[in-house]
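Report on the following structure.
In what follows, chains carry the letters A, B, and so on, assigned in the order in which the sequence lines appear, proteins first and then strands, with residues in each chain numbered from 1.
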There are 2 protein chains.
Amino acid sequence: MKTVNSDVAYDYIRKRILNGEYPPGHPLMTYELSRAIGVSRTPVRDALRQLESDGLVSIRARLGASVKKMSLKEFREMCGLRFALESYAAYLAAQERTGEDLREMALTLETMRRLSERLIAAKKEDKPTLDQLRVEDVRFHIAIITSAKSELLKQEVLRLHIVNRVVSGPTPGQHNSPEGKAARDARRREVIRSHEKIHEAIARGNPVAAKDAMERHIQDIIDTAIRDMSLAEHQASARPLTEEELSYAT
Amino acid sequence: MKTVNSDVAYDYIRKRILNGEYPPGHPLMTYELSRAIGVSRTPVRDALRQLESDGLVSIRARLGASVKKMSLKEFREMCGLRFALESYAAYLAAQERTGEDLREMALTLETMRRLSERLIAAKKEDKPTLDQLRVEDVRFHIAIITSAKSELLKQEVLRLHIVNRVVSGPTPGQHNSPEGKAARDARRREVIRSHEKIHEAIARGNPVAAKDAMERHIQDIIDTAIRDMSLAEHQASARPLTEEELSYAT
DNA sequence: TGCGGAGAAATTGTATACCTGATGGGGCAT
DNA sequence: ATGCCCCATCAGGTATACAATTTCTCCGCA
């Protein structure tokens with residue numbers, strides 16, 4: 001199957017959004033993008049429609065497209081969906097997991113333990129290790145939704161993860177919660193413990209326990225994320241002037 | 001906001017799919033549709049992309065679009081999603097419901113009781129009453145997801161309901177389960193009882209009870225639907241010749 | 001008679017020109 | 001000076017022409 005220009009445009013724009021190169025609210029104009037990508041406006045429009053249904057872009061008729069900006073309310077709702085779907089995935093995973101699935105989980109768990117200990121031991125948190133830790137965390141969650149053996153569920157949860165990453169991701173200082181390193185270290189140990197409990201319940205083949213453990217884990221993640229986000233929103237309202245607004249103040 | 005042609009095309013095609021006028025597997029060719037709707041191919045293509053992301057249409061590059069045909073496996077997975085999301089909705093509803101929400105639920109419940117009794121009393125099931133009952137059933141479920149006060153959740157569940165309706169809906173004799181009227185009457189009473197339990201738990205403001213009741217209800221629905229569908233699939237494989245195939249046999 | 005390939009037909013994907021609606025700025029009236 | 005209205009500009013929506021690809025068909029050949 002020959003690749004088609006719509007897909008090229010889709011990948012191009014999606015990548016920039018995930019990079020943070022196009023931040024939330026950034027306008028996406030078809031002509032400009034078509035020039036940048038080297039195709040015509042038609043496949044760009046197709047790509048934007050696709051991205052809209054992924055939840056990464058919002059399009060208003062005749063007013064153009066822009067990178068999706070999420071309100072705190074919408075963010076909460078999205079977290080709720082993750083809560084419902086991922087705990088269900090854990091339930092299924094406890095029934096459907098294969099030996100291969102369990103090995104993958106154990107592997108990411110071990111890697112996370114190692115990285116976490118390294119971070120806790122170090123005085124300063126180096127970004128590469130943090131990023132690696134984040135990757136392994138995602139890998140663990142993916143291992144679980146894969147174990148659930150439901151393509152639809154997997155697709156849906158992955159979509160939510162992606163959107164989550166965009167709206168809360170590119171914020172500078174995302175993980176610099178104000179409590180200081182000790183609190184973050186404690187949180188890291190807690191995450192590991194949660195993952196261990198989930199893994200153990202799935203390995204035992206106990207769906208209810210797996211679900212409960214996942215529910216607690218996600219709830220914990222959500223609480224932190226929402227706290228961070230409402231904090232960021234508060235900071236934003238403390239200095240509500242954007243670069244553009246400032247230029248009017250001269 | 002002025003309506004745009006893409007939306008016209010979207011509504012046109014969507015309606016036909018939901019009607020059953022375009023059954024699963026029916027090819028959707030852009031030129032033909034554009035002529036029928038009275039617009040050009042461009043907005044038709046837009047509409048098809050949109051419908052694809054709704055899960056009603058499947059598009060393969062260069063091979064065209066067709067009404068989504070679901071395998072039994074996919075159908076099971078979709079039911080799983082409904083299970084996870086609707087029981088979560090019931091949980092939220094027990095926390096967030098207003099007096100208005102409760103009234104709406106009670107209303108549909110009462111109407112369903114009345115319609116159900118009428119059907120059970122009658123010797124023959126008349127289609128209009130059956131349809132009304134179906135509508136009220138959907139209305140009850142919508143009342144619950146509305147009570148949950150999460151737009152995203154509502155949107156997602158409605159989408160699943162729609163897709164569900166298309167893949168299992170237009171089958172003629174959808175509700176003519178082979179057990180005869182007595183069994184169907186029993187099932188109807190059971191559905192009412194389930195709804196009553198859910199409504200009561202939500203009215204009491206007991207999230208866990210509401211969720212449990214909804215889980216049982218959905219599981220019941222799913223079991224019946226999957227039984228019916230695998231039966232239909234079996235029948236289909238028993239006489240695999242479509243009208244078109246038959247025309248070759250002359 | 002069955003199979004394979006070349007070419008024709010059909011259909012999708014892409015580019016582009018044109019149309020329509022939205023936005024902002026300048027001029028006019030108060 | 002201020003406020004309003006009109007029009008110029010711009011960007012998105014639509015139609016259509018064209019290119020690319022798949023499929024169908026028909027013919028020749030084994």
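Side-chain proximity of B/Pro43 to the nucleotides D/dG13, C/dA15, D/dA15 is greatest for D/dA15.
Within residues 32-40 of chain A, no residue places a heavy atom under 4.0 Å from DNA chain D.
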Self-check item: CA sep, side-chain torsions, deciding dist, call: B/Asp46, B/Gln50, side-chain hydrogen bond (donor to acceptor under 3.5 Å, both in side chains)
Solution: CA-CA 6 Å; B/Asp46 279 0; B/Gln50 189 86 25; over 6 Å; no
Quiz prompt | Stepwise salt bridge (Lys or Arg N to Asp or Glu O under 4.0 Å) test for B/Glu156 and A/Arg82 | solution = CA-CA 12 Å; B/Glu156 210 61 18; A/Arg82 264 193 69 185; over 6 Å; no
Self-check item: Derivation of the side-chain hydrogen bond (donor to acceptor under 3.5 Å, both in side chains) call for B/Asn5 and B/Tyr10
Solution: CA-CA 8 Å; B/Asn5 283 1; B/Tyr10 177 83; over 6 Å; no
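A search for salt bridge (Lys or Arg N to Asp or Glu O under 4.0 Å) contacts involving B/Arg35 returns nothing, not counting sequence neighbours.
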Quiz prompt | Contact letters for nucleotides 5-12 of chain C, in which S counts primed atoms plus P, OP1 and OP2 and B counts the base, heavy atoms under 4.0 Å | solution = ------SB
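For the side-chain contact (heavy atoms from CB on, under 4.5 Å) criterion with A/Lys149, the lone passing option out of A/Arg97, A/Lys154, A/Glu96 is A/Glu96.
For the pair A/Asp7 CG and D/dT21 P, the interatomic distance rounds to 14 Å; values are reported in whole Å. Following rounding to the nearest Å, B/Asp46 (CG) and C/dG13 (P) show an atom-to-atom distance of 12 Å.
In this structure, A/Arg14 fails the cation-pi test against A/Tyr12, since its NZ or CZ atom is not both closer than 6.0 Å to the six-membered ring centre and inside 45 degrees of the ring normal.
The two atoms that bring A/Leu48 and A/Ala65 nearest to each other are CD1-CB, 4.1 Å, heavy atoms only.
Annotation: side chain of B/Lys211 is not in contact with side chain of B/Tyr88 (no heavy-atom distance under 4.5 Å).
Between A/Asn5 and C/dA15 there is a side-chain N or O to OP1 or OP2 distance below 4.0 Å. The side chain of A/Ser6 contributes an N or O atom lying less than 4.0 Å from OP1 or OP2 of C/dT14.
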